[in-house]
Amino acid sequence: MQKSIKISIYTGLAAVLLTTAGCKKDFNNPNAATSDQVFSSAKGLAGVVVGLQRTYASNVAYGMWDATGLITNETILMNPGNTSEFQFSTGGTAVDGTNALLGNVWTSANKIIFDANNVINAAAKLSDKSYASGLIGYATIYKALSMGCLSGYWEKVPDTVGTATTTFSDRAVGFARAVAAIDKALAAISANAVSTAFAADVPVGVDLVNTLYALKARYSLFAGNYAAALAAANAVDLTKRSTMNFEAANPNPVFNFVTSTNNVYQPVDSTLGLPVAIAPDLADKRIPFYTVINATINPRFRLNGFWNTATAAIPLYYPGEMTLIKAEAYARQATPDLVNGILELNKVVTKKAAADPLGLGADLAPVAPATVADLLTQIYRNRCIELYLSGMKLEDMRRFGRPTSERKRNLFPYPFRERDSNPNTPADPAF
């Protein structure tokens with residue numbers, strides 16, 4: 001990472017100074033709280049974690065939805081004048097270290113990890129351990145999500161943040177680090193239940209414990225630890241939802257920049273980017289959930305679902321995701337459990353929207369895969385539909401061994417801003 005990531009200004013409890021990893025200066029505001037003041041105060045730390053959510057949604061998650069959608073053919077480009085998106089739409093070597101969107105994802109994800117570490121370390125020193133456990137849990141959610149993003153996009157991930165010449169480890173290590181951070185947060189909450197005072201100081205919508213278990217299930221699956229993924233998914237209450245909520249002053253970023261402008265990307269069509277052999281059944285009610293048809297003006301298919309208003313909430317995890325994780329974990333055991341794998345898969349296939357906390361339901365007849373290979377294909381198919389535009393499809397394509405012809409890149413090149421300042425930056429992957 002580049003030379004310094006410093007926090008010197010906080011302009012209120014709900015905002016974090018968005019200094020970048022390449023910033024070499026401190027911009028001091030004599031009227032603002034100092035870093036020491038913020039990190040010694042429980043309320044100040046709450047302000048920092050609120051800022052983590054804002055930075056994650058607007059920079060990291062937005063970038064993942066944008067890049068993954070175009071790279072995996074979930075979406076089509078509306079305006080080739082959008083340079084970063086044009087690179088993704090073209091794919092291959094057209095995506096390079098100049099890509100501004102990828103550079104922002106890289107910098108913002110590492111910034112979130114840095115800030116979250118500071119919150120976690122400072123929270124451990126607070127006398128109110130129940131407030132501290134809330135801070136640790138909340139900060140860990142965005143730390144883990146950011147670590148998961150880096151591990152899903154780049155072949156190797158930084159070992160540290162805030163230093164000029166960090167070394168790098170394989171991306172599988174990044175997923176393992178995310179799981180380890182989650183385990184520490186769950187232990188802190190188990191020892192001291194989160195106080196109502198903390199819940200009152202952060203935005204509503206985030207279910208701390210269920211989200212931590214859901215992310216543990218997700219990243220354990222990505223790391224190939226199927227027993228841990230199954231156990232964590234089983235610990236998630238599937239009747240609950242956990243979301244990033246938005247308001248007029250802090251709008252849903254996809255609606256703000258994509259849906260409302262029709263100037264970046266839109267759904268490719270009713271296939272949601274899947275090849276003909278595994279395209280969604282047209283009776284699948286998740287298609288009209290995620291897309292809406294404009295009968296008179298192109299493009300015909302427009303974004304719907306979690307991106308159709310400025311205040312639409314976006315999930316941190318999906319109950320259906322947890323069920324599909326269980327199905328995949330059963331299928332990938334040393335001795336595959338076809339019976340339970342199919343059972344879990346069909347919970348998603350037959351689910352009605354009214355039975356899902358997010359309103360997602362395929363409402364189809366059950367399927368009957370005859371082999372483990374068929375089961376895995378159906379799990380992949382349903383992950384692509386259930387988790388449409390979640391940013392996870394590229395990871396899924398690699399894990400399920402989908403043909404490279406179905407995507408435009410496998411992993412991303414490192415931003416030039418990183419390569420120019422860190423001699424340890426790995427070589428870019430060929431594809």
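Residue numbers count from 1 along this sequence.
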Inter-residue atom distance [X].[atom1] - [Y].[atom2], 0.5 Å rounding:
| X | Y | atom1 | atom2 | result |
| --- | --- | --- | --- | --- |
| Leu208 | Tyr213 | CG | OH | 12.5 Å |
| Leu387 | Leu324 | CG | CG | 6.5 Å |
| Leu230 | Met322 | CG | CE | 11.5 Å |
| Thr211 | Tyr142 | OG1 | OH | 7.5 Å |
| Ser89 | Leu70 | OG | CG | 6.0 Å |
| Leu45 | Asp201 | CG | CG | 11.0 Å |

So [Y] and [X], do their side chains get closer than 4.5 Å, heavy atoms only?
| X | Y | answer |
| --- | --- | --- |
| Leu364 | Thr350 | no |
| Leu358 | Pro319 | yes |
| Tyr317 | Asn210 | yes |
| Met392 | Glu321 | yes |
| Lys326 | Asn234 | yes |
| Arg332 | Leu376 | yes |
| Met147 | Val179 | no |
| Asn225 | Phe175 | no |

Between [X] and [Y], does any side-chain donor sit less than 3.5 Å from a side-chain acceptor?
| X | Y | answer |
| --- | --- | --- |
| Thr160 | Thr166 | yes |
| Thr107 | Arg417 | yes |
| Asn104 | Asn59 | yes |
| Asn410 | Arg407 | yes |
| Tyr414 | Glu155 | no |
| Asn121 | Asn118 | no |

Locate the shortest heavy-atom distance separating [X] from [Y]; write the atom from each residue and the value.
| X | Y | value |
| --- | --- | --- |
| Ile189 | Gly137 | CD1-CA, 4.2 Å |
| Ile287 | Ser270 | CD1-O, 3.7 Å |
| Ala233 | Ile325 | CB-CG2, 4.1 Å |
| Asp183 | Lys216 | OD1-NZ, 2.8 Å |
| Pro267 | Ile76 | O-CG1, 4.1 Å |
| Leu221 | Ala229 | N-CB, 3.7 Å |

Does a salt bridge link [X] with [Y], judged by any charged N lying under 4.0 Å from a carboxylate O?
| X | Y | value |
| --- | --- | --- |
| Asp207 | Lys240 | no |
| Lys351 | Asp363 | no |
| Lys393 | Asp396 | no |
| Arg286 | Glu386 | yes |
| Asp159 | Arg177 | yes |

Any donor-acceptor N/O pair, [X] side chain to [Y] backbone, under 3.5 Å:
| X | Y | result |
| --- | --- | --- |
| Asn346 | Val367 | yes |
| Glu74 | Tyr388 | no |
| Asn99 | Leu102 | yes |
| Ser133 | Ser130 | yes |
| Asn110 | Trp106 | yes |
| Thr271 | Ala279 | no |
| Arg241 | Pro357 | yes |
| Thr311 | Phe246 | no |
| Asn256 | Pro251 | no |
| Asp66 | Tyr62 | no |

According to the interplanar angle, ranging from 0 to 90°, do the rings of Tyr219 and Phe222 count as parallel (below 30°), tilted (30 to 60°) or perpendicular (above 60°)?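 Because their plane-to-plane angle is over 60°, the rings of Tyr219 and Phe222 count as perpendicular.
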
From CA spacing to verdict: salt bridge (charged side-chain N to carboxylate O under 4.0 Å, His left out), Lys143, Asp115: CA-CA 9 Å; Lys143 174 181 177 177; Asp115 289 347; over 6 Å; no

Could you tell me whether Tyr290 and Trp307 have their ring centroids closer than 6.0 angstrom?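 Yes, the ring of Tyr290 comes within the 6.0 Å limit of the ring of Trp307, centre to centre.
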
Between Phe306 and Phe289, is the gap from one ring center to the other below 6.0 Å?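 Centroid distance Phe306-Phe289: below 6.0 Å, so yes.
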
Given the ring of Tyr380, does Arg398 sit roughly above its face, with NZ or CZ under 6.0 Å from the centre of the six-membered ring and within 45° of the axis?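 Because its charged atom misses either the 6.0 Å distance or the 45° angle limit, Arg398 does not stack over Tyr380.
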
Would you find more than 12 non-hydrogen atoms of other residues, nucleotides or ligands less than 6.0 Å from Lys129 atom NZ?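 Enclosed.
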
Give a yes or no on this: more than 12 heavy atoms of other residues, nucleotides or ligands lie within 6.0 Å of atom CZ of Phe400.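 It does: Phe400 CZ has more than 12 such atoms within range.
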
Verify side chain to side chain contact (heavy atoms under 4.5 Å, CB included) between Val258 and Thr75, making sure each step is shown before the conclusion. CA-CA 11 Å; Val258 179; Thr75 58; over 6 Å; no

